[in-house]
Amino acid sequence: MTDKIRVRFAPSPTGYLHVGGARTALFNWLFARHNGGEFVLRVEDTDTARNRDEFERGIFDGLRWLGLTWDEGPDIGGAFGPYRQSERQALYREAAEKLRASGHVYECFCTDTEPDVQSSESVPTDRTAADRTAASCPCRALEPAVRLERMAAGEPAALRMAVDPTLAITVVDLIRGDVTFPPGTVPDFIVVKRDGGALYNFAVVSDDHSMRITHVIRGEEHLANTPKQLLIYEALGWQPPAFAHIPIILNEQRRKLSKRDGATFVNDYETMGFLPQALVNFLALLGWSPGDNREILSIEEMIRDFTLAGVVKHPAIFDPAKLAWMNKEYMKQVAPDDLAHMVATLLPVLRPNAARKDAPHVARVTALLAERVRTIAEIIEHGAYFFDTDPPEPTSEALSKHCAAPDTVGRLAAVRDALVKADDFSVAGVEAAIRGLAEANGTKAATYIHPLRVALTGQAVSPGIFEVASILGRDVALARIDALLNRLALAPAPRS
RNA sequence: GGCCCCAUCGUCUAGAGGCCUAGGACGCCGCCCUCUCAAGGCGGAGACAGGGAUUCGAAUUCCCUUGGGGCUACCA
C-alpha cells in the first residue's frame with residue numbers, strides 16, 4: 001500500500017491549460033496508469049495576486065477534454081486533501097514551525113526586494129543582482145537578542161532557509177541521471193513570505209510529502225529548483241520522492257512556448273476543431289517515443305508502453321503541421337455521423353449566421369469535405385458556401401484562373417441550360433448533364449466544370465463539382481450561376 | 001554574469017561500440033491518377049555541430065569548443 005505509485009499534476013491557476021502543462025499532465029497520467037498508481041490533481045494557488053477561478057475551471061475542463069482523469073483532486077476530494085494550496089496553509093505553518101525550531105530557517109527583515117507587481121510578464125531586472133549573488137542575507141548574522149527584539153516589536157519577517165554554503169547538492173533524476181549543484185550555488189531562499197504565506201518551493205515539498213507522492217514528474221524548468229526542495233526535505237527529515245524532469249516544449253523560434261505563439265492553450269485546439277485523441281497522441285510523441293516506428297498509438301498502447309526511459313532529454317519544438325496531419329489521421333477513424341455531429345456543434349461557434357444548418361445537410365457536407373481537410377473547423381471554413389444562401393464572392397484567383405476565357409459567359413449559360421434540363425439533381429444526374437453537354441460540343445468537360453466551380457463555390461478549388469451541385473440543389477445552383485453571369489456581364493474578368 | 005540541462009534530416013524521433021553506405025514519421029520536391037483540391041500509388045532531396053581522446057572499430061564512451069535552452073522573485 002505504501003509503495004503504491006502516486007504522481008501529481010500541480011498547475012497554478014494563473015492561465016488556461018497550456019500545451020506544455022497538458023503534456024506534463026499526460027506523462028504523469030500515463031506513468032500512473034502504466035504502473036497501476038494514482039494520479040493526483042493539486043492546485044497551486046499560493047500566488048493570490050494572479051489566480052483566477054476561471055482559470056482553474058478552464059484547466060479542469062482542458063484535462064477532462066483530453067481524457068486525463070484524476071483519482072484525487074479539489075473537485076472530487078481524496079484521502080490526502082485538501083487539494084488547493086490555499087486551503088493548506090495550516091499544514092505549511094506547522095512545517096515552518098518545525099524548521100524554525102530546528103534552526104534551519106531564520107527571520108529575514110529585508111524589504112528591498114519587493115517584486116514588481118505591475119506586470120506579471122515582467123522579468124526581474126538586474127537591479128538586485130548584487131543581492132542575488134550574495135549567498136545569504138545579512139539577517140542571517142543578526143544577534144539573537146536583536147532578532148528577538150525586532151520580532152517582539154512586531155516587525156514583519158519572512159523566513160529564509162539557512163543553506164550550508166559548503167555543501168554540494170545532487171539531484172538524482174530518473175531521466176537525466178545525477179545532477180550536481182556545486183557548493184554555494186544555492187543561496188538562502190525564502191520559504192515563508194512576510195505575510196505568512198508559504199512560497200512555492202516550500203509548499204510543494206510539504207504537499208508532495210503529505211500527499212505521499214512517490215514520483216515528481218515535471219518540466220525541466222523546475223530542475224534548478226530541485227536542490228532547494230531537497231534541502232527542505234532534509235531539514236524536515238523527510239524522504240524525498242523520485243524526480244524526473246521532462247524536456248520543455250519550444251516554439252518554432254526555439255523559445256519556450258508562450259501565449260505569444262498563437263495557439264498554445266488546449267482549449268484553442270478544441271475550438272479549432274482538433275480531436276482530443278489526436279492532441280494526446282501528438283503530445284505523447286513530443287519527448288517520448290515507444291522505441292519503434294509507430295506514430296499512431298491508442299491510449300491503451302500508450303499506457304502499456306510508456307516508460308520514463310523512453311523520454312528524451314532534449315527540448316522539442318512544437319510542430320503544428322504534424323499535429324494537423326495526425327488530426328486528419330484520427331478524423332479518418334471517426335464515424336461519419338459523429339463527424340457530422342462535431343461539425344454541427346462547432347458551426348454556431350464559427351459561423352453564427354449560417355443559414356443552412358439542418359442535420360441532413362451538415363451530414364452531406366461533412367461527408368464530402370472530411371477527406372480533404374485536417375480539422376473539423378476546416379470543414380466549416382472551406383465549406384462556407386454550403387452554409388450560406390447568398391452566392392459566394394469569387395476570389396480573384398478563381399476569376400483569373402477559370403473565368404478569363406472570352407467564352408466563359410457562353411459556357412456558363414450552356415451549363416445553366418443543361419442543369420435546368422437535367423432529369424434529376426442527384427450526383428449522377430448532374431454529372432450526366434454536364435458530360436452530355438461537353439460531348440455534344442466536342443469539348444472536355446473541364447471547360448464547363450471550372451467556371452461552374454467558380455459560380456457555385458467562388459473558389460478555384462473545391463470537392464467534386466457534381467457532388468457540390470447536388471448538395472446545393474438545383475435552385476441554389478441556378479441562382480449562383482446567374483449571379484456569376486451578371487457579374488461577368490458587368491465587369492469582365494481580367495485576362496490571366 | 002553565475003549555476004544547470006541539452007545537441008542525429010527543416011521538424012518529431014529510432015539508434016544504448018561493429019546489425020548504420022544512419023531507419024521511420026511530418027513537411028518538402030517530382031511523376032502517375034484526375035474536373036480543381038484532397039486521398040492514393042511510385043520515386044527523390046534531406047542529419048550524426050566542430051575538434052581532440054579511448055578502441056581493432058565510434059552517431060553511440062570521455063574531454064574541450066561552439067551552439068541552443070532553462071533557472072537565477074517574499075511567481076509558479
Side-chain angles (χ1 to χ4, degrees), chain A residues 10-14 44-47 49-51 85 108 110-111 113-117 120 123-124 126 128-129 131-133 156-160 171 173 175-176 179-182 184-187 189-195 197 199-201 203-204 219-227 245 247-248 250 252 254-256 282 285-296 309 312-326 328 332 369-374 382 398 401-402 431 434-435 438 444-450 452-453 457 459-466:
Chain A
S12 68
T14 54
E44 310 220 320
D45 56 351
T46 52
D47 185 354
R50 295 199 294 152
N51 294 330
Q85 291 191 328
C108 172
C110 299
T111 58
T113 50
E114 297 287 8
D116 181 8
V117 291
S120 56
V123 175
D126 267 343
T128 54
D131 302 326
R132 283 190 280 105
T133 47
L159 248 34
R160 204 179 270 277
V171 176
D173 189 284
I175 293 172
R176 283 149 217 288
V179 179
T180 299
F181 295 76
T185 44
V186 178
F189 57 95
I190 303 278
V191 135
V192 178
K193 293 185 266 193
R194 283 207 297 162
D195 66 8
L199 218 45
Y200 169 71
N201 282 123
V204 165
E220 198 203 311
E221 67 266 28
H222 290 287
L223 182 55
N225 282 321
T226 311
H245 289 92
I248 59 175
L250 269 24
E252 285 159 294
R254 300 194 149 275
R255 308 287 305 186
K256 191 172 165 185
F282 175 74
L285 258 25
L286 256 196
W288 172 73
S289 162
D292 50 36
N293 286 333
R294 283 174 295 163
E295 299 284 339
I296 303 295
V312 302
K313 297 174 177 175
H314 54 267
I317 293 171
F318 190 94
D319 180 9
K322 185 156 184 178
L323 204 212
W325 164 77
M326 193 164 276
K328 189 188 186 87
K332 290 177 184 170
L369 248 24
E371 65 182 43
R372 52 201 94 215
V373 298
R374 300 185 303 180
H382 294 194
K401 215 166 172 179
H402 299 306
E431 177 160 10
I434 303 294
R435 292 208 188 278
K444 296 203 304 187
T447 56
Y448 295 103
I449 285 172
H450 291 306
L452 177 59
R453 188 190 317 286
T457 72
Q459 311 288 318
V461 303
S462 80
I465 202 62
F466 310 128

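In what follows, every chain begins at residue 1, and chains take the letters A, B, ... in the order their sequences are listed.
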### Message
What I want to check is whether an N or O donor and acceptor connect the side chain of A:Arg176 with the base of B:C5 at under 3.5 Å.
### Response
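Side chain to base: no pair below 3.5 Å.
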### Query
Between the base of B:A76 and the side chain of A:Asp45, is there a donor-acceptor distance below 3.5 Å?
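No such pair is found, so the answer is no.
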Of the nucleotides [options], which one has an atom closest to the side chain of [X]?
X: A:Phe181; options: B:G69, B:C4, B:A25; value: B:C4
X: A:Lys322; options: B:A25, B:A38, B:C35; value: B:A25
X: A:Val312; options: B:C35, B:A14, B:C71; value: B:A14
X: A:His222; options: B:U11, B:A76, B:C6; value: B:A76
X: A:Asn293; options: B:A76, B:C26, B:G23; value: B:G23
X: A:Arg160; options: B:G10, B:C74, B:C71; value: B:C74
X: A:Leu199; options: B:G24, B:C4, B:C75; value: B:C75

#### Entry: Value in whole Å for how far the C1' atom of B:C3 lies from CD of A:Glu221
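It works out to 17 Å between those atoms.
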Suppose you measure atom [atom1] in [N] against the same atom in [M]; what distance do you get, rounded to whole Å?
N: B:C20; M: B:C32; atom1: P; result: 35 Å
N: B:C9; M: B:G30; atom1: P; result: 24 Å
N: B:U65; M: B:C19; atom1: C1'; result: 33 Å

Does [N] pair with anything, Watson-Crick or G-U wobble, both distances under 3.5 Å, and if so, with which nucleotide?
N: B:C3; result: B:G70
N: B:A53; result: B:U61
N: B:G17; result: none

Is the phosphate of [N], meaning OP1 or OP2, less than 4.0 Å from a side-chain N or O of [X]?
X: A:Lys313; N: B:G69; value: no
X: A:Thr46; N: B:A76; value: yes
X: A:Arg255; N: B:G69; value: yes
X: A:Lys332; N: B:G40; value: yes
X: A:Arg372; N: B:U36; value: no
X: A:Arg254; N: B:U11; value: yes
X: A:Lys193; N: B:C75; value: yes
X: A:His314; N: B:U13; value: yes

### Task
Take the angle between the ring planes of A:His222 and A:Tyr200 and call it parallel below 30°, perpendicular above 60°, tilted in between.
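The rings of A:His222 and A:Tyr200 sit tilted, inter-plane angle from 30° to 60°.
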### Message
Between the side chains of A:Glu295 and A:Lys322, is the shortest nitrogen-to-carboxylate-oxygen separation below 4.0 Å, so that they form an ion pair?
### Response
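Salt bridge present between A:Lys322 and A:Glu295.
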